[in-house]
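What follows is a short report on a single structure.
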2 protein chains.
Amino acid sequence: MRMGELSRRSGVSVPTIKYYLREGLLPAGTATGRNQADYGDGHLRRLRVIRVLIDVGGVSVTAAREVLAAIDDPDVVGHHLLGVAHHAVAPAARGRRDTEQWRAARAEVDAVVRRRGWAISPDAAALDHVADVICAARALGLDELLAGMDTYADAAELVARHDIDTVVTRAQRGGPGDEQALMVETVITGTVLGESLLTGLRLLAQEATSARTLGDER
Amino acid sequence: MRMGELSRRSGVSVPTIKYYLREGLLPAGTATGRNQADYGDGHLRRLRVIRVLIDVGGVSVTAAREVLAAIDDPDVVGHHLLGVAHHAVAPAARGRRDTEQWRAARAEVDAVVRRRGWAISPDAAALDHVADVICAARALGLDELLAGMDTYADAAELVARHDIDTVVTRAQRGGPGDEQALMVETVITGTVLGESLLTGLRLLAQEATSARTLGDER
DNA sequence: GCCTTTGGATAGTGCCGCTATCTACTACGG
DNA sequence: CCGTAGTAGATAGCGGCACTATCCAAAGGC
């Protein structure tokens with residue numbers, strides 16, 4: 001398959017594909033001449049992954065490159081991999097983390113983690129991320145939201161179990177390419193797509209619950 | 001309070017505050033002279049809300065303006081309000097929605113909604129959003145993820161109930177400003193912060209579950 | 001043979017969220 | 001009453017990002 005066909009089948013324009021090649025998101029095709037190369041199904045699949053990361057995950061091109069590098073790296077295994085996916089999904093740090101309030105929020109996160117018996121590496125970015133949110137909520141006086149944090153944690157645990165199950169199941173089932181790469185790809189796309197899915201369903205559930213609770217005062 | 005103090009207490013630089021004034025995110029202070037104005041606690045609070053929307057919610061300045069307009073509009077009531085918040089949070093449409101696969105995905109969403117007895121306005125943006133995600137997951141062959149969609153829906157319902165409860169509780173408790181405005185603000189900030197909180201906790205729960213299931217092969 | 005497509009390289013575009021600068025005016029301590 | 005610091009308002013600029021446009025020489029393919 002050459003560039004034109006790759007473009008048509010992926011829905012990504014030729015200049016954009018060239019851009020991704022330049023940026024190292026997409027590996028070069030196998031050259032068949034001085035100015036001719038051949039692309040395979042792997043390239044098509046990779047392009048789909050890229051679009052998911054960027055469009056659905058809202059990941060920057062730079063972050064996507066790092067994630068894709070992890071997909072290709074055979075040394076990345078187990079749940080160290082989760083760190084890579086999480087790092088990419090996490091937005092840049094929001095505010096100052098050197099305030100008294102922030103440290104209090106961070107302690108609150110640690111308390112939740114301890115209470116639930118979660119084994120978390122202490123340098124996980126998500127710990128700080130959650131602390132950021134708590135800090136912001138406190139600043140706005142949204143204590144009711146935080147009072148039910150265990151509800152949120154319950155929900156998070158529920159989907160996380162399913163997510164990990166998905167990865168394990170899929171690794172056993174096998175699929176295109178080698179097992180390792182498939183598992184890595186599943187973790188990353190599953191993390192990104194799962195987040196978006198959960199977010200969307202939450203909004204729907206909110207509307208449904210609101211209609212039921214507050215009545216139909218549209 | 002004048003601009004300098006507002007800047008210091010909010011942590012937002014003076015030029016940025018001016019920019020928000022220009023863009024209509026922040027109402028002008030009450031003028032006390034030709035080039036002097038007075039800002040109140042409302043402005044401080046508003047600035048905090050703006051930062052939450054932009055930093056935590058990842059909302060664009062344009063979308064933030066619309067959301068804030070809804071906060072100020074006394075005619076926006078009940079769960080019509082949810083629509084505004086959801087519209088702002090929702091990212092722009094990702095791909096083409098005119099394909100056969102997309103319509104199939106959309107039908108799948110409708111099926112879930114019907115199965116759970118959710119009363120959803122048929123033009124809710126979240127319906128399309130979820131369909132986008134399903135479409136992307138199918139394209140990548142991530143069927144295992146979708147097989148457990150009810151797990152995701154359960155989790156979504158769990159937090160949504162809590163979210164709506166929060167709004168109701170808070171409206172009753174009262175607080176600064178009039179009830180209506182407080183409720184609106186709670187919906188919006190709660191939607192945005194809750195999403196970020198849920199996302200962060202999911203990542204933590206994933207790591208914990210992964211460590212438990214896959215063992216410690218770091 | 002000749003028009004189309006390709007790989008490769010370089011430069012440019014449009015948007016977005018600020019940031020810098022300027023001017024004229026005001027507040028305030030001394 | 002002076003001098004310095006702060007302020008409102010307006011305009012212009014900046015840096016980053018995700019593409020997009022253009023050009024060239026070399027295949028491809030009928």
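Reminder, nothing fancy here: chain letters follow the sequence lines and each chain counts from 1. All values reported here derive from a predicted model rather than from experimental measurement.
- When rounded to the nearest whole Å, the span between CG of A:L21 and C1' of D:dT20 equals 15 Å.
- Counting non-hydrogen atoms under 4.0 angstrom, A:G33 reaches nothing in the nucleic acid.
- Of the possible donor and acceptor atoms, one in the side chain of A:S7 sits under 3.5 Å from a partner among the backbone N and O of A:V12.
- Atom-to-atom, CG of B:L47 to P of C:dC18 comes out at 12 Å; the value is rounded to the nearest Å.
- Side-chain contact between A:L53 and A:I188 is present, with at least one heavy-atom pair separated by less than 4.5 Å.
- If you check D:dA27, D:dT7, D:dC19 against the side chain of A:R34, the one that comes closest is D:dA27.
- Comparing B:S13 and A:D38 by the nucleotide of DNA chain C that holds the closest heavy atom to each, the one mapping nearer the 5' end is A:D38.
- Counting heavy atoms from C-beta outward, A:H129 and A:H86 have side chains that stay 4.5 Å or more apart.
- For the pair A:S60 and B:E5, both in contact range of DNA chain D, the more 5′-proximal nearest nucleotide belongs to B:E5.
- For B:N35 and D:dA8, a side-chain-to-base donor-acceptor distance below 3.5 Å is absent, hydrogens and geometry of angles not being considered.
- Where B:V61 and B:Q36 meet DNA chain C, the nucleotide closest to each residue was compared, and B:V61 sits on the side nearer the 5' end.
- The distance from atom CZ of B:R65 to atom P of C:dC16 is 10 Å, rounded to the nearest whole Å.
- Among the atoms of the strands shown, base atoms are found under 4.0 Å from some heavy atom of A:R22.
- Distance, A:M3 CE to D:dA26 C1': 16 Å, rounded to whole Å.
- Protein atom CD1 of B:I17 is 12 Å distant from nucleotide atom P of C:dT19, rounded to whole Å.
- Taking the charged nitrogens against the carboxylate oxygens, A:D163 and B:R202 do have a contact shorter than 4.0 Å, which makes a salt bridge.
- Contact annotation: A:Y19 does not reach the phosphate of C:dT13 (side-chain N/O to OP1 or OP2, under 4.0 Å).
- Contact check, B:Y20 against C:dG17: no side-chain N or O comes under 4.0 Å of OP1 or OP2.
- When the nucleotides C:dT19, C:dA27, C:dG7 are ranked by their closest atom to the side chain of B:T16, C:dT19 comes out on top.
- Looking at A:R97 and A:D132, a side-chain N of the basic residue comes within less than 4.0 Å of a carboxylate O on the acidic one, giving a salt bridge.
- The base of C:dA9 does not come close enough to the side chain of A:K18 for any donor and acceptor atom to sit less than 3.5 Å apart.
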